[in-house]
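In this chain, residues are counted from 1 in sequence order.
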Amino acid sequence: RSFSTELDGILTSLSWPGAVLPDGNFALNTLGQGIFIIDSQGKIIHQLDHRTGLQGPSIETLYLDSYGTLWALFSLLGNKINRIETSSPFTSYDHSHGLGEFPSLSIEFQDTLYVGKGLGFAYWDQAQHSFQTVPGSESIEDVYQLREINGQLLLAGYIGVYQLQNGRAVPVLKRATGSSDIQFLHPAARDKNLVFAAASNGIELLRRDNSSLWQPAGRIKGIDKFVQNMVEDEHHHLWLSTDEAVVYRLSFPDWPSLESTVVETFEIAPGLSSDTSFWVSSVNGQLVSSSDHGLFVWDETAQSFQRDLRF
């Protein structure tokens, strides 16, 4: 018997055969519109077409095997076949979905998925079922970090820092290509309007104005290293990873003033080659420094890093 579905008024032509999937949903084969997956109430679950990697819009034969996998034959395209894992919890997205080249990181912000890539960053457009480039981000090279800070999305990359504002990427701290790429953003624990930006030549400062836009606010004096990331501990020290075999600790005795910053250097493991670099992080409140030579944990009493013999 027929029943109303969300396909009413959308579907132009059905083709035999369809299939009943293991989860009770229906796979409907069409002429020119790919494959629709609907549930028993007629709700559209998926549309499979060229945007999702289907070889063509019209399937000659649709076959469901004993494992619940769909096979689609396109005889008019030279007998090409698509294998469709409808029961898999994973979905693969690539350039055919608008991702472009070298997607490297992602973040969910305000119920929308954003992806940083080799050139620009993109958001998932549910209506188009594809990734769309965020306007204003077309020339952003190498996105290193996407981070939500106090309800706003910031991007750190090869040519500086951008902020998502009204659906556009707005430059906050823009530099000439390669002059001062920003690797990492860290919001100050004691000031919600201050962000430390790890740069290739030290630490830049960003402050948020009354209109909620972030603005350049100078830099921290006394540190000009290639800073890769940073961690703030419970004492509000800022620990820096660089491209050297040491870790730096910054203290701010005159906070909120940053003019008299104290910079200390800690050698992690004496005797290691000078090209060894350490990545500092916090694990369950414990300061940890990692490298190819193992893990080292901070000993507050000894004021030094000690090798974690469990690894």
Side-chain angles (χ1 to χ4, degrees), residues 104-109 116 143-156 161 181-206 219-258 260-311:
S104 56
L105 71 168
S106 63
I107 188 174
E108 185 179 9
F109 176 70
V143 178
Y144 299 136
Q145 187 187 33
L146 292 170
R147 183 161 188 173
E148 181 178 355
I149 298 178
N150 297 322
Q152 295 173 302
L153 183 61
L154 296 181
L155 175 153
V161 179
D181 53 335
I182 305 298
Q183 299 278 325
F184 190 85
L185 300 173
H186 174 76
R190 292 183 285 181
D191 187 346
K192 66 179 182 179
N193 293 316
L194 175 65
V195 166
F196 299 104
S200 56
N201 58 356
I203 297 179
E204 305 270 3
L205 301 172
L206 304 176
R219 56 188 300 114
I220 291 181
K221 298 177 181 178
I223 184 77
D224 60 359
K225 305 298 182 179
F226 192 125
V227 183
Q228 297 174 329
N229 88 312
M230 63 188 88
V231 171
E232 188 172 352
D233 66 20
E234 60 181 349
H235 304 293
H236 301 297
H237 298 128
L238 206 58
W239 295 85
L240 313 180
S241 301
T242 68
D243 57 351
E244 301 175 352
V246 297
V247 169
Y248 292 88
R249 183 172 72 179
L250 275 54
S251 305
F252 310 102
D254 297 328
W255 182 272
S257 172
L258 304 178
S260 55
T261 302
V262 176
V263 181
E264 300 173 270
T265 304
F266 293 89
E267 189 175 12
I268 305 297
L272 294 181
S273 62
S274 59
D275 61 353
T276 300
S277 61
F278 291 87
W279 190 266
V280 65
S281 57
S282 179
V283 180
N284 294 328
Q286 173 68 63
L287 194 65
V288 177
S289 185
S290 59
S291 76
D292 292 341
H293 297 276
L295 294 179
F296 300 80
V297 296
W298 174 251
D299 187 321
E300 184 66 25
T301 302
Q303 287 288 293
S304 64
F305 283 92
Q306 305 294 325
R307 182 184 290 274
D308 191 328
L309 299 178
R310 296 173 297 175
F311 300 94

Counterpart residues, salt bridge (Lys or Arg N to Asp or Glu O under 4.0 Å), relative to D191 (two or more places apart):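 Expected list: R207.
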Out of curiosity, [X] [atom1] to [Y] [atom2], how far, rounded to the nearest 0.5 Å?
{"X": "N193", "Y": "I149", "atom1": "CG", "atom2": "CD1", "answer": "11.5 Å"}
{"X": "L155", "Y": "L146", "atom1": "CG", "atom2": "CG", "answer": "5.0 Å"}
{"X": "S289", "Y": "W279", "atom1": "OG", "atom2": "CH2", "answer": "11.0 Å"}
{"X": "E148", "Y": "L185", "atom1": "CD", "atom2": "CG", "answer": "13.0 Å"}
{"X": "L105", "Y": "Q145", "atom1": "CG", "atom2": "CD", "answer": "8.0 Å"}
{"X": "F196", "Y": "L205", "atom1": "CZ", "atom2": "CG", "answer": "6.5 Å"}

Residue pair G202 / R219: nearest heavy atoms and the distance that separates them: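 Heavy atoms only, the tightest pair is CA-NH2, 3.6 Å.
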Counting C-beta onward and ignoring hydrogens, is there a side-chain heavy-atom pair between [X] and [Y] closer than 4.5 Å?
{"X": "E267", "Y": "F305", "answer": "no"}
{"X": "L240", "Y": "L238", "answer": "yes"}
{"X": "L295", "Y": "R307", "answer": "no"}

side-chain contact (heavy atoms from CB on, under 4.5 Å) partners of [X], counting only residues at least two apart:
{"X": "K221", "value": "E259"}
{"X": "S104", "value": "none"}
{"X": "P256", "value": "none"}

Over 12 non-hydrogen atoms of neighbours within 6.0 angstrom of CZ in R190: yes
List the atom pairs, with distances to 0.1 Å, where a side-chain N or O of residues 247-255 and a protein N or O form a donor-acceptor pair under 3.5 Å, not counting sequence neighbours.
unit_1, atom_1, unit_2, atom_2, d
Y248, OH, E244, OE1, 2.6
R249, NE, E264, OE1, 3.0
R249, NH1, Q303, OE1, 3.4
R249, NH2, E264, OE1, 3.0
R249, NH2, E264, OE2, 3.2
R249, NH2, Q303, OE1, 3.3
D254, OD2, S260, OG, 2.5

Check: N150 side chain, K192 main-chain N or O, donor-acceptor pair, under 3.5 Å: yes
For residues 227-236, tabulate all N or O donor-acceptor pairs below 3.5 Å that involve a side-chain atom, not counting sequence neighbours.
unit_1, atom_1, unit_2, atom_2, d
N229, OD1, S241, OG, 2.6
N229, ND2, V280, O, 2.9
E232, OE1, H186, NE2, 2.9
E232, OE1, A189, N, 3.1
E232, OE2, H236, ND1, 3.0
D233, OD1, H235, N, 2.8
D233, OD1, H236, N, 3.0
D233, OD1, H237, N, 2.9
D233, OD2, H237, ND1, 3.2
D233, OD2, W239, NE1, 2.9

Working for side-chain contact (heavy atoms from CB on, under 4.5 Å), residues N201 and F226: CA-CA 5 Å; N201 58 356; F226 192 125; over 6 Å; no
Donor-acceptor side-chain pairing of D308 and Q306 below 3.5 angstrom: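 Side-chain D/A pair, D308 to Q306: absent.
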Pair V161-L206, side-chain contact (heavy atoms from CB on, under 4.5 Å): steps then yes or no: CA-CA 10 Å; V161 179; L206 304 176; 4.0 Å; yes
